[in-house]
*Asks:* 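Shown below is the structure under consideration.
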Amino acid sequence: MANVVIIGIAGEKDLWIADLDAGTVTKSPAPSAGALQVANDLRNTGITVTKGVNLAVRATSAASVSGGYMDG
């Protein structure tokens, strides 16, 4: 089973699909039907939607994460 994460960034209309097994991230248009559309509509109203993810942090760059930004 693939490890895939759907990411929505505040202020951006489109979603991102991160395939963790393949090591890829691709932009995806907002869904037009189904449960993902409902979740996307909720996030666009300011609600945070999570399922199966226990840590998500927006950083300004990858360097800030690997450079100790996230270290306590």
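Predicted model, so just to flag it, every value in this text is computed and none were measured. When reading the values below, keep in mind they use all heavy atoms of this one structure, side chains included, and skip hydrogens, waters and symmetry mates. By convention here, the first residue in the shown sequence is residue 1.
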*Asks:* Check Val53 against Ala56 and note the closest heavy-atom contact, atom names and distance.
*Replies:*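 So the minimum-distance heavy-atom pair works out to CG1-CB, 4.4 Å.
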*Asks:* Partners of Leu20 by side-chain contact (heavy atoms from CB on, under 4.5 Å), sequence neighbours excluded?
*Replies:*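 So Leu20 forms a side-chain contact (heavy atoms from CB on, under 4.5 Å) with Asn3, Val5, Ala18.
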*Asks:* Say you draw a straight line from CD1 of Ile7 to CD of Glu12; how long is it, rounded to the nearest 0.5 Å?
*Replies:*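 Rounded to the nearest 0.5 Å, the CD1-CD separation comes to 10.5 Å.
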*Asks:* I'd like to know if the side chain of Asn40 and the backbone of Leu36 have a donor-acceptor N/O pair within less than 3.5 Å.
*Replies:*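 Side chain of Asn40 to backbone of Leu36, a donor-acceptor pair under 3.5 Å: no, none is there.
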*Asks:* How long is the gap from CD1 on Ile47 to CG on Asp41, to the nearest 0.5 Å?
*Replies:*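 Separation between the atoms: 10.5 Å.
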*Asks:* Can you confirm whether Ile17 sits close enough to Leu15 that some side-chain heavy atom of one is under 4.5 Å from a side-chain heavy atom of the other?
*Replies:*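 Not in contact.
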*Asks:* Given the rule that I, L, V, M, F, W and Y join up when any side-chain heavy atoms are under 4.5 Å apart, are Ile6 and Val49 in one cluster?
*Replies:*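 Different clusters.
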*Asks:* Between Ala30 and Lys13, which heavy-atom pair has the shortest distance, and what is it?
*Replies:*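 Minimum heavy-atom separation between Ala30 and Lys13: CB-O, 3.9 Å.
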*Asks:* Nearest heavy-atom pair of Asp14 and Arg43: which atoms, and what distance?
*Replies:*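 The pair with the smallest heavy-atom distance is O-NH2, 3.5 Å.
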